[in-house]
Amino acid sequence: MKGIAVVMKLSEIAKILESDFLSGEEKKDQEFHYCRGSDLMSDVLAGFAEGSVFLTGLVTLQTVRTASVSGAGAIVFVRNKKPSPEVIALAKQEDIPLLVTPLSMFVSCGRLYQGGLTGVHGNR
Amino acid sequence: MTSIHKSYHVAKNDFIHAGEASIHVKNLLKSMNYNQDLVRRVAICGYEAEMNLVMHGGDGELSVDVNSERVILEVADRGPGILDIELAMQEGYSTAKEEYREMGFGAGMGLPNMKKNSDALKITSEPGQGTHVSMTFYNKG
């Protein structure tokens with residue numbers, strides 16, 4: 001399956017994940033090729049993240065800062081995890097769209113994989 | 001390009017503000033039109049160092065010195081120090097508390113990641129006195 005190059009708009013990702021925008025809806029046309037699902041911020045910082053959509057169950061300020069310094073382009077909180085207003089405010093400041101989905105990490109990753117997104121390490 | 005020096009205070013256990021200094025540094029370098037790769041490497045190393053300081057160090061400072069040739073990032077704290085630097089550099093080795101792991105950190109990946117993303121890394125530490133980390137990043141254009 002290597003070599004497949006599916007690009008998904010953030011609006012399409014939101015639809016597939018039945019998710020709502022908490023911030024950054026104006027970036028709904030931004031395109032994504034890569035995706036990562038992780039609750040370990042250290043893994044995100046140690047690997048490729050540029051322009052990826054980042055799925056996590058961790059709703060802290062550090063999740064947003066990890067995305068900001070690593071270059072992740074959007075964050076999706078899984079399992080309906082709702083961040084505090086401070087986390088949403090920081091995401092707005094850092095210009096990173098935030099979405100929340102009722103789906104689990106497993107199902108969210110599965111749906112985006114099925115939709116054609118590639119892992120951050122470049123494989124499928 | 002003129003040389004710029006900035007210094008930020010980083011407080012122990014302050015997870016509300018941890019990472020702010022590195023994001024300031026990232027924005028500073030971006031505004032100076034450094035290439036994306038260099039900005040990313042400096043931001044990641046700064047953030048890893050800042051988190052280490054907040055989790056393990058005492059209060060301390062993160063400072064950055066920038067000119068057209070290179071960026072030097074220095075992090076100094078007055079914490080307990082690192083007993084065995086060689087051991088601390090091993091991926092997976094960690095003395096982090098459970099509460100830090102629950103925040104997605106403390107996996108023993110910070111120092112190896114700083115080594116990977118910097119062009120030169122120097123750590124000096126004296127048990128009971130604190131730790132000093134210096135990282136250099138060359139501007140390859």
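Here is how names work: the chains are called A, B, and so on, in the same order as the sequence lines, proteins then strands, and each is numbered from 1. Values below: every heavy atom of this structure, side chains too, minus hydrogens, waters and symmetry copies.
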Under 3.5 Å donor-acceptor, K116(B) side chain and A46(A) backbone: yes
Over 12 foreign heavy atoms within 6.0 Å of NE2, H132(B): yes
Part of L40(A) within contact of chain B (heavy atom distance under 4.5 Å): both
CE-CE distance between M51(B) and M41(A), expressed to the nearest 0.5 angstrom: 10.0 Å
Contacting region of F105(B) [heavy-atom separation from chain A under 4.5 Å]: both
CD (E86(B)) with more than 12 external heavy atoms under 6.0 Å: no
Any pair counted as ring-ring contact (aromatic ring centres under 6.0 Å, His included), so long as it reaches residues 34-54 of chain A, sequence neighbours left out: Y34(A)-F48(A)
Rounded distance [0.5 Å steps], NZ in K26(B) versus CZ in R65(A): 11.5 Å
For chain A, the option from R40(B), E48(B), Q36(B), E20(B) that forms the most heavy-atom pairs under 4.5 Å: R40(B)
Whether over 12 other heavy atoms sit under 6.0 Å from K115(B) NZ: no
Toward chain B, the part of T56(A) with a non-hydrogen atom under 4.5 Å: neither
Heavy-atom contacts under 4.5 Å, residues 93-104 of chain B to chain A: E102(B), M103(B), G104(B)
Segment of L61(A) engaging chain B (4.5 angstrom heavy-atom cut-off): side chain
Hydrophobic cluster membership, I75(A) vs L103(A), 4.5 Å side-chain cutoff: no
Co-membership, hydrophobic cluster, residues V25(B) and L90(A), 4.5 Å side-chain: yes
Connected via hydrophobic side-chain network under 4.5 Å: V53(A) and V6(A): no
Region of E94(A) that comes under 4.5 Å of a non-hydrogen atom in chain B: side chain
Atom group of M114(B) that falls short of 4.5 Å from chain A, counting heavy atoms: neither
Exercise: identify the closest heavy-atom pair between S42(A) and G106(B): OG-N, 4.2 Å
hydrophobic_cluster_shared for L10(A) and V76(A), side chain cutoff 4.5 Å: yes
Transitive ILVMFWY side-chain link L58(A) to V69(A), under 4.5 Å: yes
Validation row: M109(B), L45(A) side chains within 4.5 angstrom (heavy atoms): no
